[in-house]
Structures are given as C-alpha cells and as structure tokens.
> 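Provided herewith is a single structure, encoded as structure tokens, for subsequent inquiry.
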Amino acid sequence: MSFRKLRALVVEDEAPIRWELVAALNETLELEGAGEADSAEDAFDLVKNSPADVLFLDIKLIGGTAFQWLTLLKREGVPVPPVVVNTGYRDFEYAQRLHNEFGGEVVAILK
C-alpha cells in the first residue's frame, strides 16, 4: 500500500528555525516541506498559490502577526489548511488566544 506525504507549508521569520523545521519535516515519512515564507506578505501568496495539507505558522511575522494574517486570509476567502502554531513566544496565553480565536484553523500549538 502506498500513500502520499502530507504537503506542509512553513511560515517563520527566523531563517535558522525555518530551515530546521523544513529539514525535520522532510525527514519524516508522513510530511514534506512544500514551501516556506518569512513574512506575512510572502506567506499570503504562498498559501494562496500552493495547495497544502498543513501549515506550520509562527505568531510574530515580518509585516504582521498570525492574528492579522489569518484574518486577512479569511476576509479574502483564501482556504486555510489546518494550522500548527510553532512558537518560541514565552507568553503561552498569546498562543492560546490564537487557538481560541481561530479554532477552526488552529489544530495544535507547539512550543
């Protein structure tokens, strides 16, 4: 039986963390890095133009926050794949707020 790897997009403003996450995804049997962005603007184009099964998203982005960015995607009618929030943000309540406000999109929070 064969299966297709899940296509993952990574939106992270810190390049070393983004590269490490993409490399880790590509080492799994289930996931593959299908695109990456470091800013809210680039991320918008990436999600709009790259079909994906999951999105790994940082809270603070160049040019905005995950809150602003997800709001824009929804307002523009861009389908959002399930989101895994990947953050080093020390205030976990901020990540929890993101989960509460975008519960339809945010499926997990990794710290």
Side-chain angles (χ1 to χ4, degrees):
M1 173 184 234
S2 66
F3 64 93
R4 176 183 69 86
K5 286 187 169 195
L6 297 177
R7 295 174 45 83
L9 302 177
V10 176
V11 177
E12 167 64 60
D13 62 331
E14 294 185 45
I17 294 171
R18 186 176 64 251
W19 299 331
E20 187 176 320
L21 181 54
V22 169
L25 292 172
N26 288 330
E27 289 177 7
T28 71
L29 295 175
E30 299 85 7
L31 298 165
E32 67 179 341
E36 56 187 86
D38 66 352
S39 69
E41 182 178 343
D42 289 346
F44 183 87
D45 292 335
L46 179 67
V47 170
K48 185 176 178 183
N49 298 314
S50 301
D53 301 300
V54 64
L55 169 67
F56 287 82
L57 177 64
D58 190 14
I59 290 177
K60 283 189 79 175
L61 306 170
I62 298 170
T65 67
F67 293 100
Q68 295 163 330
W69 185 74
L70 286 170
T71 299
L72 175 64
L73 286 172
K74 289 177 80 168
R75 185 174 61 231
E76 296 292 323
V78 176
V80 179
V83 175
V84 176
V85 176
N86 181 51
T87 186
Y89 213 83
R90 291 181 182 194
D91 185 358
F92 190 72
E93 288 180 19
Y94 197 72
Q96 189 63 47
R97 181 177 148 223
L98 185 64
H99 185 264
N100 290 342
E101 291 184 24
F102 294 96
E105 290 80 21
V106 176
V107 296
I109 299 172
L110 301 176
K111 189 167 178 169

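All figures in this text were calculated on a predicted structure; none of them were measured in a lab.
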> Check for me, please, whether L55 and I62 land in the same ILVMFWY cluster - side-chain distances under 4.5 Å, paths through other members count.
no

> Using only atom types and a distance under 3.5 Å, with no angle test, would you say the side chain of R7 pairs donor to acceptor with the backbone of G33?
no

> In sequence, state the C-alpha distance, the side-chain angles, and the governing distance for E36 and V22, and then conclude on side chain to side chain contact (heavy atoms under 4.5 Å, CB included).
CA-CA 8 Å; E36 56 187 86; V22 169; 3.7 Å; yes

> Do K5 and E30 pass the side chain to side chain contact (heavy atoms under 4.5 Å, CB included) test, and can you show the C-alpha distance, the side-chain angles, and the key distance before you say yes or no?
CA-CA 5 Å; K5 286 187 169 195; E30 299 85 7; over 6 Å; no

> For the backbone of T65 and the side chain of Q68, can you confirm whether one donor and one acceptor N or O come within less than 3.5 Å of each other?
yes

> Nearest 0.5 Å, what's the CG-CZ distance between L61 and F44?
13.5 Å

> Same cluster or not: V10 versus I17, using hydrophobic residues (I, L, V, M, F, W, Y) connected whenever any side-chain heavy atoms lie under 4.5 Å apart?
no

> Which heavy atom of P81 sits nearest to which heavy atom of A52, and what is that distance?
CB-O, 3.6 Å

> Run the salt-bridge test on K48 and E76 with the 4.0 Å N-O cut-off and return the result as yes or no.
no

> Do you know which two heavy atoms are closest between A40 and G63, and how far apart they sit?
CB-O, 3.9 Å

> Answer yes or no: is there a side-chain heavy-atom contact under 4.5 Å between V83 and F56?
no

> Should V54 and V84 count as side-chain neighbours, where that means a heavy-atom distance under 4.5 Å?
yes

> Minimum heavy-atom separation for D38 to D42, with atom names?
OD1-OD2, 3.6 Å

> State, yes or no, whether a side-chain contact exists between S50 and L9 at a heavy-atom distance under 4.5 Å.
yes

> Find out whether L57 and W69 are in side-chain contact, i.e. whether some heavy atom of one side chain is under 4.5 Å from a heavy atom of the other.
yes

> Does the side chain of E12 reach to within under 4.5 Å of the side chain of N86, using non-hydrogen atoms?
yes

> Tell me, with the steps shown, if L72 and R75 meet side chain to side chain contact (heavy atoms under 4.5 Å, CB included).
CA-CA 5 Å; L72 175 64; R75 185 174 61 231; 3.1 Å; yes

> Please determine whether a side-chain nitrogen of the Lys or Arg among D53 and R4 lies less than 4.0 Å from a carboxylate oxygen of the Asp or Glu.
yes

> Which distance, rounded to the nearest 0.5 Å, do you find between the CD of E14 and the CG of L21?
12.5 Å

> Within the side chain of N26, is there an N or O that forms a donor-acceptor pair under 3.5 Å with the backbone of E32?
no

> So do D58 and V11 actually touch side chain to side chain, heavy atoms under 4.5 Å?
no

